[in-house]
Amino acid sequence: MLINFHIDPELKTEKAEFWLQKMTEHISDVTSQLNQDNQVLWCYSNNNVVPINYSDIISIHADRNTINVATKKDSYQCKFRLVRIYNQLSSDFIEASRDTIINYKKIDHLELLDNGKIDVLMINKQRVQISRRKIKNLKERLGL
């Protein structure tokens, strides 16, 4: 199997090419999962396990041993490690810091601070400080 990936920041859509000798059930499952638009993250709310659509997630924050997932209406907990969550999220998400991931499509506005840092205000009024190492990624994603 040969997999060809090309990352183009100017490209508005994502593309991957797979050159296969044989279509297996596993590869078929992977391709159908990649084509799904309604991907979800399974989270805990009280005693319930609920699916949260990626498009509804505003931010994900690691606080000690807890991963908090914020949406416009509620907050949930997740049992996965932050790096695992980040690797399965869509390209709408960027790292704000070592312990926070934000959905850049849910940004209300940016606040430039006197010390050179940037605070992001999300649509749910949440304030997220961008670490100095991640400012470049944020600016590139927003086209600044």
Side-chain angles (χ1 to χ4, degrees), residues 1-20 23-24 26-46 48-144:
M1 171 172 53
L2 174 68
I3 303 173
N4 181 20
F5 292 101
H6 177 71
I7 299 173
D8 185 353
E10 302 294 321
L11 197 61
K12 301 294 183 206
T13 61
E14 297 173 333
K15 178 182 177 183
E17 294 179 2
F18 296 89
W19 296 76
L20 309 168
M23 179 61 104
T24 65
H26 176 69
I27 294 172
S28 179
D29 291 343
V30 169
T31 56
S32 66
Q33 186 178 24
L34 288 172
N35 287 325
Q36 288 181 354
D37 288 335
N38 59 346
Q39 293 181 337
V40 297
L41 181 63
W42 288 91
C43 298
Y44 293 85
S45 176
N46 299 322
N48 299 319
V49 180
V50 294
I52 308 299
N53 289 325
Y54 290 170
S55 61
D56 293 334
I57 297 172
I58 294 174
S59 67
I60 303 170
H61 178 72
D63 185 26
R64 295 189 184 195
N65 294 332
T66 305
I67 303 293
N68 297 305
V69 178
T71 64
K72 192 167 186 173
K73 296 179 182 177
D74 293 309
S75 181
Y76 304 90
Q77 285 71 45
C78 190
K79 301 262 180 176
F80 301 118
R81 296 184 68 224
L82 192 62
V83 68
R84 179 177 177 206
I85 295 169
Y86 182 69
N87 288 335
Q88 75 182 41
L89 291 171
S90 69
S91 61
D92 295 343
F93 293 86
I94 58 172
E95 290 180 286
S97 64
R98 185 183 319 160
D99 58 2
T100 305
I101 300 167
I102 61 171
N103 183 339
Y104 87 94
K105 291 186 174 181
K106 305 290 183 176
I107 294 174
D108 184 55
H109 67 277
L110 304 178
E111 191 174 297
L112 305 175
L113 305 176
D114 292 335
N115 60 5
K117 292 186 177 183
I118 297 175
D119 275 2
V120 175
L121 282 101
M122 307 303 289
I123 61 171
N124 65 346
K125 308 298 182 206
Q126 178 185 10
R127 180 179 293 266
V128 177
Q129 189 170 81
I130 304 296
S131 74
R132 290 184 189 270
R133 293 180 182 163
K134 304 299 181 181
I135 288 175
K136 180 180 177 187
N137 294 344
L138 174 68
K139 287 182 175 180
E140 285 176 359
R141 184 63 59 92
L142 298 176
L144 300 174

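- With Gln129 as the partner, the side chain to side chain contact (heavy atoms under 4.5 Å, CB included) test is satisfied by one option alone out of Val120, Leu113, Ile118: Leu113.
- Asn46 contributes no side-chain N or O that, together with a main-chain N or O of Asn48, makes up a donor-acceptor pair within less than 3.5 Å.
- Considering CZ of Phe93 and CD1 of Ile58, their distance stands at 9.5 Å, rounded to 0.5 Å.
- Sorted by first and then second residue, the pairs that involve residues 119-138 and meet salt bridge (charged side-chain N to carboxylate O under 4.0 Å, His left out), not counting sequence neighbours, are Glu95-Lys134, Glu111-Arg127, Asp119-Arg127.
- Distance CD1/Ile94 to NZ/Lys105: 12.5 Å, rounded to 0.5 Å.
- Summarising the geometry, atom OG belonging to Ser97 is positioned 9.5 Å from atom CD1 belonging to Ile102; distances are rounded to the nearest 0.5 Å.
- Taking every heavy atom of both residues into account, Phe80 and Trp42 meet most closely at CE1-O, 4.3 Å.
- The shortest side-chain heavy-atom distance between Asp108 and Met122 does not fall under the 4.5 Å cut-off.
- Formation of a donor-acceptor pair under 3.5 Å by the Asn124 side chain with backbone atoms of Gln126 is found in this model.
- With sequence neighbours left out, the side chain to side chain donor-acceptor pair (under 3.5 Å) criterion links Asp74 to Tyr76.
- Taking every heavy atom of both residues into account, Gln88 and Val40 meet most closely at NE2-O, 4.3 Å.
- In this structure, Lys79 contributes its side chain and Ile67 its backbone to no donor-acceptor pair below 3.5 Å.
- The main-chain N or O of Lys117 is found under 3.5 Å from a side-chain atom of Asn115 such that the two form a donor-acceptor pair.
- Across Ile57, Leu89, Val83, a single residue satisfies side chain to side chain contact (heavy atoms under 4.5 Å, CB included) together with Ile101, and that is Leu89.
- Rounding to the nearest 0.5 Å gives a distance of 7.5 Å between SG of Cys78 and CD1 of Ile60.
- Evaluation of the side chain to side chain donor-acceptor pair (under 3.5 Å) rule for Asn137 yields no partner, not counting sequence neighbours.
- In this structure, Val69 and Cys43 approach most closely via the heavy-atom pair CG2-SG, 3.9 Å.
- Crowding of Tyr44 atom OH: a count of heavy atoms from other residues, nucleotides or ligands under 6.0 Å not exceeding 12.
- If you run side chain to side chain contact (heavy atoms under 4.5 Å, CB included) between Leu110 and each of Leu144, Ile130, Leu121, only Leu144 comes through.
- For the residue pair Asn68/Gln77, the side-chain donor-acceptor check at 3.5 Å is satisfied.
- To the nearest 0.5 Å, the span separating OG on Ser131 from CG on Asp99 amounts to 9.0 Å.
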